[in-house]
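To keep things clear, I will list the structure first and then write my remarks on it.
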Amino acid sequence: MAFDVNNPYFRTKVMTATPEQLRMLLLEGALQFMRDGRDGLASKNYEKSYEGFSQAKAIIMELINALRPEVDPELCSRLQSLYVYIYRLLTEGSFEKDLKKIDEAIELMEYERETWGMLIEKIASEKKSAGAAKTRAAAPSPEGKPSSTGSSISISA
């Protein structure tokens, strides 16, 4: 996906995205810019490298600033440490022209994106299950009477 802010499709996608989808867009954007920077570094196109790494680092800072420690302090602390480490790898890798550090940063961000994608799928599945449960609760029983709105638990051996 191209991250062209002048593209009306991309703008619509951002404006209608859920918070989970917005975070995924940030992760994908960071990865795209990291790869662009790596390509520039590998081809000795230092302007392209600088631009890519600068954009990637700006997105990483946004990811750090978007963390909400009041929700889960331990998780936020771990994520912040990960993002700071990736940021440091990008900074050192670009300064030292070390593709191994850049590759490690890209690999970590790819893993973060995959993990976030699995979480989005789980959230969607839970929402779908909750919606189906509400529909079943509101459906009339075979006798034509609405089913009870209370919860019931059945255990079978």
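In what follows, residues are counted from 1 in the order of the sequence shown.
- Expressed to the nearest 0.5 Å, how far CZ of R23 lies from CG of L25 amounts to 12.0 Å.
- Connection of Y46 to F33 is established within a shared hydrophobic cluster, with ILVMFWY side chains joined at heavy-atom distances below 4.5 Å, either directly or through further cluster members.
- Distance CD1/I59 to CD/E28: 10.5 Å, rounded to 0.5 Å.
- One finds the CG atom of L26 at 10.5 Å from the CH2 atom of W116 (value rounded to the nearest 0.5 Å).
- The closest side-chain heavy-atom distance from E126 to E121 is not below 4.5 Å.
- No side-chain donor-acceptor contact under 3.5 Å links S49 to the backbone of N45.
- Hydrophobic cluster membership differs between I60 and Y111, with clusters built from Ile, Leu, Val, Met, Phe, Trp and Tyr side chains linked at under 4.5 angstrom.
- K101 and G93 make their closest contact through CB-CA, 4.0 Å (heavy atoms, listed as atom of the first residue, atom of the second, distance).
- Contact check for I64 versus L79: no side-chain heavy atoms found under the 4.5 Å cut-off.
- At a threshold of 4.0 Å, the pair R78-E74 counts as salt-bridged, since one of the basic side-chain nitrogens sits closer than that to a carboxylate oxygen.
- In this structure, CD1 in I123 is found 8.0 Å from OG1 in T18, a value given to the nearest 0.5 Å.
- Looking at S54, its side chain never comes within 3.5 Å of a backbone N or O of E51 through a donor-acceptor pair.
- Hydrophobic clustering keeps Y50 apart from L90 (ILVMFWY residues linked when any side-chain heavy atoms are closer than 4.5 Å, directly or through intermediates).
- Judged by distance alone, with hydrogens and angles left aside, the side-chain atoms of E92 form no donor-acceptor pair with the main-chain N or O of L89 at under 3.5 Å.
- Between E112 and Y83, some side-chain heavy-atom pair lies under the 4.5 Å cut-off.
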F53 vs I102, side chain to side chain contact (heavy atoms under 4.5 Å, CB included): CA-CA, chis, key distance, verdict: CA-CA 10 Å; F53 293 141; I102 302 302; 3.6 Å; yes
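- To the nearest 0.5 Å, atoms CG (D98) and CD (E104) are separated by 9.5 Å.
- In this structure, the side chains of Q80 and V84 come closer than 4.5 Å at one or more pairs of heavy atoms.
- Using a 4.5 Å heavy-atom threshold, the side chains of I86 and M34 count as touching.
- Nearest heavy atoms, K48 versus D39: NZ-CB, 3.9 Å.
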Would you sort out whether M24 and E20 count as a side chain to side chain contact (heavy atoms under 4.5 Å, CB included), showing the intermediate values? CA-CA 6 Å; M24 180 61 86; E20 297 87 15; over 6 Å; no
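- For L31 against E110, the heavy-atom pair with the smallest separation is CD2-CG, 3.6 Å.
- A donor-acceptor contact shorter than 3.5 Å is absent between the side chain of S77 and the backbone of P73.
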